[in-house]
Amino acid sequence: MTIQGEYEPSPSKWVRDQVETYERTGGREANTLLDTGLPIIVVTTLGVRTGKVRKTPLMKVEHEGEYALVASMGGAPKHPVWYFNLRANPDAVLVQDGPEPFEVTVREVTGDERAAWWERSVAAYPPYADYQKKTDRVIPVLVASRR
Ligand code: F42
């Protein structure tokens, strides 16, 4: 399963290396955030300006077969760029959680639905709560569902 476009690896070396190892081993290696032991997924998006294929590791927040994608970027003041890629191209997205990527459709959640997913996100990765305290922006939560 692919998305049409040229793959442009992340400019950040640790992120690029994580994606490379995760893909090469079908998720058997590089499947946690650094040494936290907490699982990650790899999300493929299409660049909103370049049309290039981008691959972004995110924490795994799974519930009944759907996944939350939390645009936290460590509580930085700005949204990560992949968030805009997803908003612009919500149907050109893959999630890899194990050996093979699969197609998903992505939507941003709000209100009670966001609150429920936020609770699940913090349960999966408690530092998200600290990231929200660090920043004035409301951290976007998107939900990826299999197509
Ligand atoms: N980030 C999170 O926000 N949430 C997480 O849960 C999370 C978990 C995580 C786990 C493991 C890990 O290795 C990394 C993790 N990260 C997490 C970090 C995440 O993988 C991203 O590195 C981070 O969120 C920053 O995302 P970013 O998309 O802002 O990345 C920047 C550095 C980047 O790649 N920039 C590219 C560049 O060349 O500078 C551009 C990428 C791009 O998509 N460009 C678009 C295009 O059209 O191609 C648009 C460009 C534009 O300017 O409009």
key: N/O donor-acceptor pair under 3.5 Å between Lys134 side chain and Gly74 backbone   = yes
ask   = Any idea which heavy atoms bring Tyr128 and Val61 closest together, and the distance?
value = CE1-CG2, 4.3 Å
message = Show the nearest heavy-atom pair for residues Pro57 and Val15, with the distance to one decimal.
response = CD-CG1, 3.4 Å
Spatial distance of atom OG1 (Thr32) from atom CG (Leu34) [nearest 0.5 Å] = 7.5 Å
query = How about Val43 and Leu94: do any of their side-chain heavy atoms sit closer than 4.5 Å?
reply = no
Leu58 vs Val70, side-chain contact (heavy atoms from CB on, under 4.5 Å): CA-CA, chis, key distance, verdict = CA-CA 8 Å; Leu58 297 177; Val70 181; over 6 Å; no
ask   = side chain to side chain donor-acceptor pair (under 3.5 Å) between Ser145 and Glu66: does it pass, once the steps are laid out?
value = CA-CA 5 Å; Ser145 318; Glu66 295 184 305; 2.7 Å; yes
query = Going by atom types alone, do Tyr22 and Asn31 pair a side-chain donor with an acceptor below 3.5 Å?
reply = no
key: Any Tyr83 side-chain heavy atom under 4.5 Å of Leu142 side chain   = yes
message = Quick check: do Val42 and Thr56 have side-chain heavy atoms less than 4.5 Å from each other?
response = no
query = With no hydrogens and no angle check, is any side-chain donor or acceptor of Glu62 less than 3.5 Å from a backbone partner on Tyr67?
reply = no
message = Measuring only between side-chain heavy atoms, which start at C-beta, is Gln96 closer than 4.5 Å to Phe102?
response = no
query = Does Pro9 offer a backbone N or O that forms a donor-acceptor pair with the side chain of Arg16 under 3.5 Å?
reply = no
inquiry  = Checking the side chain of Thr36 only, and the main-chain atoms of Leu33 only, is there a donor and an acceptor separated by less than 3.5 Å?
reply    = yes
ask   = Any side-chain heavy-atom pair from Val93 and Leu86 closer than 4.5 angstrom?
value = yes
request  = Just do the salt bridge (charged side-chain N to carboxylate O under 4.0 Å, His left out) check on Arg107 and Glu113 with the steps written out, would you?
outcome  = CA-CA 11 Å; Arg107 66 199 166 87; Glu113 198 180 11; 2.9 Å; yes
ask   = Looking only at heavy atoms, which two atoms of Arg54 and Thr50 are closest? And how far apart?
value = NH2-OG1, 3.6 Å
inquiry  = Less than 4.5 Å apart, side chain to side chain, heavy atoms only: is that true for Leu46 and Val53?
reply    = yes
ask   = Any donor and acceptor pair, going by atom type alone, linking the side chain of Asn85 with main-chain N or O of Thr45 inside 3.5 Å?
value = no
ask   = Looking at CG of Leu38 and CD1 of Ile40, how far apart are the two atoms once the value is rounded to the nearest 0.5 Å?
value = 11.5 Å
inquiry  = Does any part of the side chain of Ile139, heavy atoms only, come nearer than 4.5 Å to the side chain of Tyr131, both counted from C-beta?
reply    = yes
Test salt bridge (charged side-chain N to carboxylate O under 4.0 Å, His left out) applied to Asp17 and Lys13, step by step = CA-CA 6 Å; Asp17 289 351; Lys13 183 175 168 8; 2.5 Å; yes
Validation row: Asp97, Lys60 side chains within 4.5 angstrom (heavy atoms) = yes
ask   = Does Glu103 reach the main-chain N or O of Thr105 with its side chain, forming a donor-acceptor pair under 3.5 Å?
value = no
message = Taking CZ in Arg147 as the centre, count heavy atoms belonging to other residues, nucleotides or ligands within less than 6.0 Å. Is the count above 12?
response = yes
task = Taking only Lys NZ, Arg NE, NH1 and NH2, and the carboxylate oxygens of Asp or Glu, determine whether Glu108 and Arg87 approach each other closer than 4.0 Å.
result = yes
ask   = Can you check side-chain contact (heavy atoms from CB on, under 4.5 Å) on Leu69 and Val106, steps first, answer last?
value = CA-CA 9 Å; Leu69 313 178; Val106 171; 4.1 Å; yes
ask   = Looking at Tyr7, does the NZ or CZ of Lys55 lie under 6.0 angstrom from its six-membered ring centre and within 45 degrees of the ring axis?
value = yes
key: Euclidean distance, Gln132 CD relative to Ser121 OG, rounded to 0.5 Å   = 11.5 Å
key: Within 45° cone of Trp117 ring axis and under 6.0 Å: Arg114 NZ or CZ   = no
task = Dump the intermediate steps for salt bridge (charged side-chain N to carboxylate O under 4.0 Å, His left out) on Glu20 and Arg24, then the final yes or no.
result = CA-CA 6 Å; Glu20 195 276 320; Arg24 183 168 43 76; 3.2 Å; yes
message = I'd like to know if Val81 and Val48 are part of one continuous hydrophobic network [Ile/Leu/Val/Met/Phe/Trp/Tyr, side-chain heavy atoms within less than 4.5 Å].
response = no
ask   = Is Met73 reachable from Ile41 through a run of I, L, V, M, F, W or Y residues, each pair having side-chain heavy atoms under 4.5 Å apart?
value = no
query = Between Thr135 and Pro77, what is the shortest heavy-atom contact and its length?
reply = OG1-CA, 3.9 Å
